[in-house]
Amino acid sequence: MFKKILIANRGEIALRVIRTCKEMGIKTVAVYSTADKESLHVKFADEAVCIGKPASSDSYLNIAHIMAAAEITNADAIHPGYGFLAENSKFAQICHDHSIKFIGPTADMINKMGDKITAKDTMIKAGVPVVPGGQGLLESVEEAKGIAKEIGYPVILKATAGGGGKGMRVVYEESELEKAYTTARTEAGASFKNDGVYMEKFVEEPRHIEIQVAGDQYGTVAHLSERDCSIQRRHQKLVEESPSPFMTQELRNKMGEAAIKAASAINYESVGTIEFLVDKHRNFYFMEMNTRIQVEHCVTEEVINFDLIKEQIKIAAGEPITGRNYEPKKHAIECRINAEDPYNDFRPSPGKITVLHQPGGHGVRVDSHVYAGYVIPPYYDSMIGKLITMAQTREEAIDTMHRALSEYIIEGIKTTIPFHLQLMKNEDFRKGNFTTKFLETFKME
Ligand code: MV4
């Protein structure tokens, strides 16, 4: 087992990793930018190293600074958390070349899933369902028109270097295709320095359901059930839950098996997530794989009673997994608490937290790095914590969530708490009656 892990991240996930390391008897090194000097992950780690100025490019994305911090502290592994360098194959390779274990998949696995056409091709060969569409990159508008005619409108153009919604265009009829094709390529080229785009049939009003997987260094892969992440706004998830209210045991078995095939196809090592689109007929299609621990991993931890960070560290250290699959034994919901104003288009609201009271009681978990007097810096993402509730049934978990949200007091900044309070009372949400389009029509009262 590792003796000392450097956490190349900040905020709640840095704290989350430190907590598990403490329980495992592993020493921790925090890294921080000058803007995060007073952050809890700095205070709770055994050692802390300043790695640069506030801008992410000068600190949490600065590979040379992070490697220097790992070398001077003698860390034998690096946990990347999520975001920042978590899916940067160059960073994973540099760690490997310096004999520091990157707690995640290899650079090669990251690359195979990072390029969406390569990933889709791998899934087709592995027998995982994908959305019907063209094979590979589009070479011309004429080719695009031909494929669209075959599969039928509406279609969607996606950047092969994209993911998470960047550089996509939905096209409803042939007259719109040329313009969409040109703008999609231009946008992809500008955003990813790769203007390759491909085409799929557009699945209307899908649900976003993802399967948590874990694979070890010996080729064993297991699934750890699903999360429903359909409650999103502009590709930012706001609420996640497990089990999905749309799930059936038959669908879980099928999606679980497909997720295992997907991860096995690249000999996946570490914890990861297979994202699927699910249509109203419960047809499901591979969308992309996240080769990292995710923000919403906690809902899975609660419903299967399992520490995913501990598992991720054990896998990285070479321990085998049992290979057994898991089913939700409870219901868990997570609300993302962001420093944003839900009454003002979710505009970021950084600044000082003057008063703080976090909820507690039966069925409540709070994962957060903030404290009274903490100043939220404007440089990073606006998530300041996650409120997770769990109960025997979905209805009870929602009621516990509403109760916990009503106890949450954060003064000095605006937060997403009022949004979540209203969502927990929304009839369609309570019935499990929602798709990825739900928040497009949701209005704050
Ligand atoms: C789609 C789709 C409909 N049909 N692909 C959005 C993020 C990126 N990973 C892929 N996305 C989508 N791909 C086909 N063929 C709809 C979306 C989509 C979406 C997916 C999941 C959650 C929220 C979404 C919001 C808008 C569009």
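Sequence positions, counted from 1, serve as the residue numbers for this chain. We count ligands from 1, going down the list as the structure has it; atoms in each ligand are counted the same way.
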Quick check for students: name every N or O atom pair between ligand 1 and the protein closer than 3.5 Å, with distances.
from: ligand 1; atom 1: 4 (N); to: Val203; atom 2: N; distance (Å): 2.8
from: ligand 1; atom 1: 5 (N); to: Lys158; atom 2: NZ; distance (Å): 2.9
from: ligand 1; atom 1: 9 (N); to: Glu288; atom 2: OE1; distance (Å): 2.8
from: ligand 1; atom 1: 13 (N); to: Lys158; atom 2: NZ; distance (Å): 3.1
from: ligand 1; atom 1: 15 (N); to: Glu200; atom 2: OE1; distance (Å): 2.8
from: ligand 1; atom 1: 15 (N); to: Lys201; atom 2: O; distance (Å): 2.8

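In summary, the aromatic rings of Tyr60 and Phe84 are positioned with their centroids under 6.0 Å apart. Tyr343 has its ring centre no less than 6.0 Å from the ring centre of Phe419.
Using a 4.0 Å cut-off between charged nitrogen and carboxylate oxygen, Asp341 and Arg347 do not count as a salt-bridge pair. Contact check on Arg16 versus Glu12 returns no salt bridge, with no Lys/Arg side-chain nitrogen under 4.0 Å from an Asp/Glu carboxylate oxygen. Salt bridge status for Arg394 with Glu241: present, with a side-chain N to carboxylate O gap under 4.0 Å.
Residue pairs satisfying the ring pair (Phe, Tyr, Trp, His ring centres under 6.0 Å) criterion with at least one member in residues 256-278, sequence neighbours excluded, are listed as follows: Phe276-Phe284.
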